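Computed from a prediction, not measured in an experiment: that's the story for all the values here. Naming: A, B, ... by sequence-line order, numbering from 1 per chain.
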2 protein chains.
Amino acid sequence: MKPSLRDRHAVAVSVDCLVFGYDEGQLRVLLIQRRRPPFEGRWAIPGGFVEDGETLHQAATRELAEETGIRKVFLEELQVFDAVDRDPRGRVLSVAFLALVKPSGLKLVAASDAVRAAWFVLEEVPELAFDHRGILDAGLQRLRADLLRRPIGLELLPRKFTLGQLQRLYEVILNRAFDVSNFRKKILGLGVLQPTQDYETDVAHRAARLYTFDLASYRSLMANGFRAF
Amino acid sequence: MKPSLRDRHAVAVSVDCLVFGYDEGQLRVLLIQRRRPPFEGRWAIPGGFVEDGETLHQAATRELAEETGIRKVFLEELQVFDAVDRDPRGRVLSVAFLALVKPSGLKLVAASDAVRAAWFVLEEVPELAFDHRGILDAGLQRLRADLLRRPIGLELLPRKFTLGQLQRLYEVILNRAFDVSNFRKKILGLGVLQPTQDYETDVAHRAARLYTFDLASYRSLMANGFRAF
DNA sequence: CCAAAAGTGTTCACGGTACACCCATGC
DNA sequence: GCATGGGTGTACCGTGAACACTTTTGG
């Protein structure tokens with residue numbers, strides 16, 4: 001690149017990964033505690049600057065692994081945050097990503113710029129660094145909208161799950177109740193769930209059948225269009 | 001900003017405005033012919049580099065005015081395009097915006113980096129510069145999805161319009177037919193259209209009533225959620 | 001036996017779809 | 001009077017909402 005182009009139009013670009021996880025019947029956000037200024041010690045959404053030669057998606061994946069130890073997650077562009085004064089160091093443009101992780105094997109390993117990494121229930125999220133509260137709000141809105149349009153909720157559940165778990169996930173995230181019978185009919189009618197031969201164990205009531213997500217029929221469903229509720 | 005931050009993480013950032021217009025029963029895209037390399041003489045989506053101290057939205061508005069003379073339009077973030085080799089000059093990250101303009105008073109004034117500015121029907125769009133074909137495809141998909149979710153189509157029509165015009169707009173963009181009676185019922189049932197006392201003139205059939213868009217009820221509709229078809 | 005959640009069936013109301021029909025205007 | 005598109009009414013069907021009921025398991 002000629003120096004002129006970079007000098008005249010350069011902007012520092014960072015990525016921020018808003019990570020949602022679902023565990024113990026609760027939707028949780030992954031936050032890190034900042035090791036360095038600005039906002040040293042304050043909780044924030046994991047992220048960092050884009051390096052030369054990597055795409056934003058790659059940068060987001062890398063930062064997530066570095067700061068929290070999380071790998072292999074669903075990761076999708078959310079929105080750009082570009083208020084000119086959003087970073088006290090100067091003009092920094094941030095591309096926010098929305099990430100969804102399965103609860104199984106969630107071993108958080110804080111490192112790099114992060115002192116700690118921890119999951120927070122929405123109601124207990126502390127004051128955040130930068131404009132990260134805005135990112136969280138935007139991401140939550142997007143998650144709720146997406147849940148109704150595509151089987152994105154499955155990214156938050158283990159490989160095998162019961163319909164009860166899935167229903168509770170919908171109820172918790174959308175903050176509304178569903179009729180058991182109607183929920184089953186609707187979800188199974190979509191044809192994206194594959195029943196297995198396995199059942200729940202050690203529960204104080206009739207054991208529920210476990211289902212898995214059927215990728216093939218998911219694709220054909222998306223090709224057409226899909227609408228839950 | 002400390003030099004170190006800018007030097008190490010700076011990326012050239014541009015905005016591109018994908019502008020759709022609807023006229024004579026056709027959906028059209030606004031393109032400009034590039035005055036300078038790279039891709040000199042090639043048609044492209046209007047856009048340019050972000051200047052210091054302006055937001056992306058401001059930059060998009062400015063570039064659109066400079067290159068085409070268009071002002072006051074609906075303008076919304078579409079998506080970031082960040083392939084590392086998308087610009088032969090080096091790493092340039094582009095934030096694409098989706099713009100919708102009303103056909104009335106469309107005076108195109110090419111200037112700045114643009115030799116010409118012109119409207120193209122989708123089928124006649126030539127080969128485009130950079131990855132602009134991808135931006136166009138993404139924007140079209142977004143426009144179609146949005147049309148079903150919110151009364152965005154009204155941004156493409158003049159202030160007063162007939163239900164027939166609106167229906168044709170939906171049919172052209174979504175490439176499917178709607179039953180006249182059902183379309184009227186559905187749209188009017190939403191309550192976002194205000195009937196006026198005016199009618200079409202000089203048509204070889206019964207004159208159609210003109211409607212306007214009611215912003216107030218639109219807001220309450222969005223607050224809840226809305227679904228056309 | 002009881003509590004608790006899985007799982008099934010039935011009824012009802014609403015909204016989308018299809019289609020038939022009348023109205024107004026220019027040529 | 002005929003073609004053209006505006007505008008209205010109705011009958012049917014599928015889907016979602018509400019709810020009653022049975023099944024299985026642990027305590």
Distance, rounded to the nearest Å, where [X] contributes [atom1] and [N] contributes [atom2]:
{"X": "B/R168", "N": "D/dT4", "atom1": "CZ", "atom2": "C1'", "answer": "11 Å"}
{"X": "A/R184", "N": "D/dA17", "atom1": "CZ", "atom2": "C1'", "answer": "17 Å"}
{"X": "A/F183", "N": "C/dG7", "atom1": "CZ", "atom2": "P", "answer": "13 Å"}
{"X": "A/L188", "N": "C/dT8", "atom1": "CG", "atom2": "C1'", "answer": "12 Å"}
{"X": "A/K186", "N": "C/dG9", "atom1": "NZ", "atom2": "P", "answer": "20 Å"}
{"X": "A/F178", "N": "D/dA17", "atom1": "CZ", "atom2": "P", "answer": "8 Å"}
{"X": "A/E200", "N": "C/dA5", "atom1": "CD", "atom2": "C1'", "answer": "9 Å"}
{"X": "B/N182", "N": "C/dC14", "atom1": "CG", "atom2": "C1'", "answer": "14 Å"}

Checklist line | Nucleotide nearest B/K185 (side chain, heavy atoms from C-beta), chosen from D/dG6, D/dT10, C/dG7 | finding: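 Looking only at side-chain atoms, B/K185 lies closest to D/dT10.
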Note to self: For A/F81, is there any backbone N or O sitting under 3.5 Å from a side-chain donor or acceptor partner on A/S94?
What the structure shows: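 No, because the side chain of A/S94 does not come within donor-acceptor range (under 3.5 Å) of the backbone of A/F81.
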Ion pair [X]/[Y], N-O distance below 4.0 Å:
{"X": "B/E63", "Y": "B/R71", "value": "no"}
{"X": "A/R28", "Y": "A/E123", "value": "no"}
{"X": "A/D113", "Y": "A/R34", "value": "no"}
{"X": "A/R86", "Y": "A/D131", "value": "yes"}

Checklist line | Heavy atoms of other groups near A/Q26 CD, more than 12 under 6.0 Å | finding: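 Atom CD in A/Q26 is crowded, with more than 12 foreign heavy atoms closer than 6.0 Å.
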Next item on the list: For B/S181 and for B/Q165, find the nucleotide of DNA chain D with the closest heavy atom, then tell me which residue's nucleotide is more 5'.
Entry: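 That would be B/Q165.
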Check: Mapping A/D179 and B/V180 onto DNA chain D by nearest heavy atom, which one lands closer to the 5' end?
Finding: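 In this pair, the answer is B/V180.
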Margin query: As an exercise, state the distance from CD of B/E67 to CG of B/L30, rounded to the nearest 0.5 Å.
Written below: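 Between atom CD of B/E67 and atom CG of B/L30 there are 9.5 Å.
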Considering only nitrogen or oxygen atoms on both sides, find all protein atoms under 3.5 Å from nucleotides 22-25 of chain D and state each distance.
from, atom 1, to, atom 2, distance (Å)
D/dT23, O2, A/R206, NH1, 3.3
D/dT24, O2, A/R206, N, 2.7
D/dT25, O2, A/A204, O, 3.2
D/dT25, O2, A/H205, N, 3.4

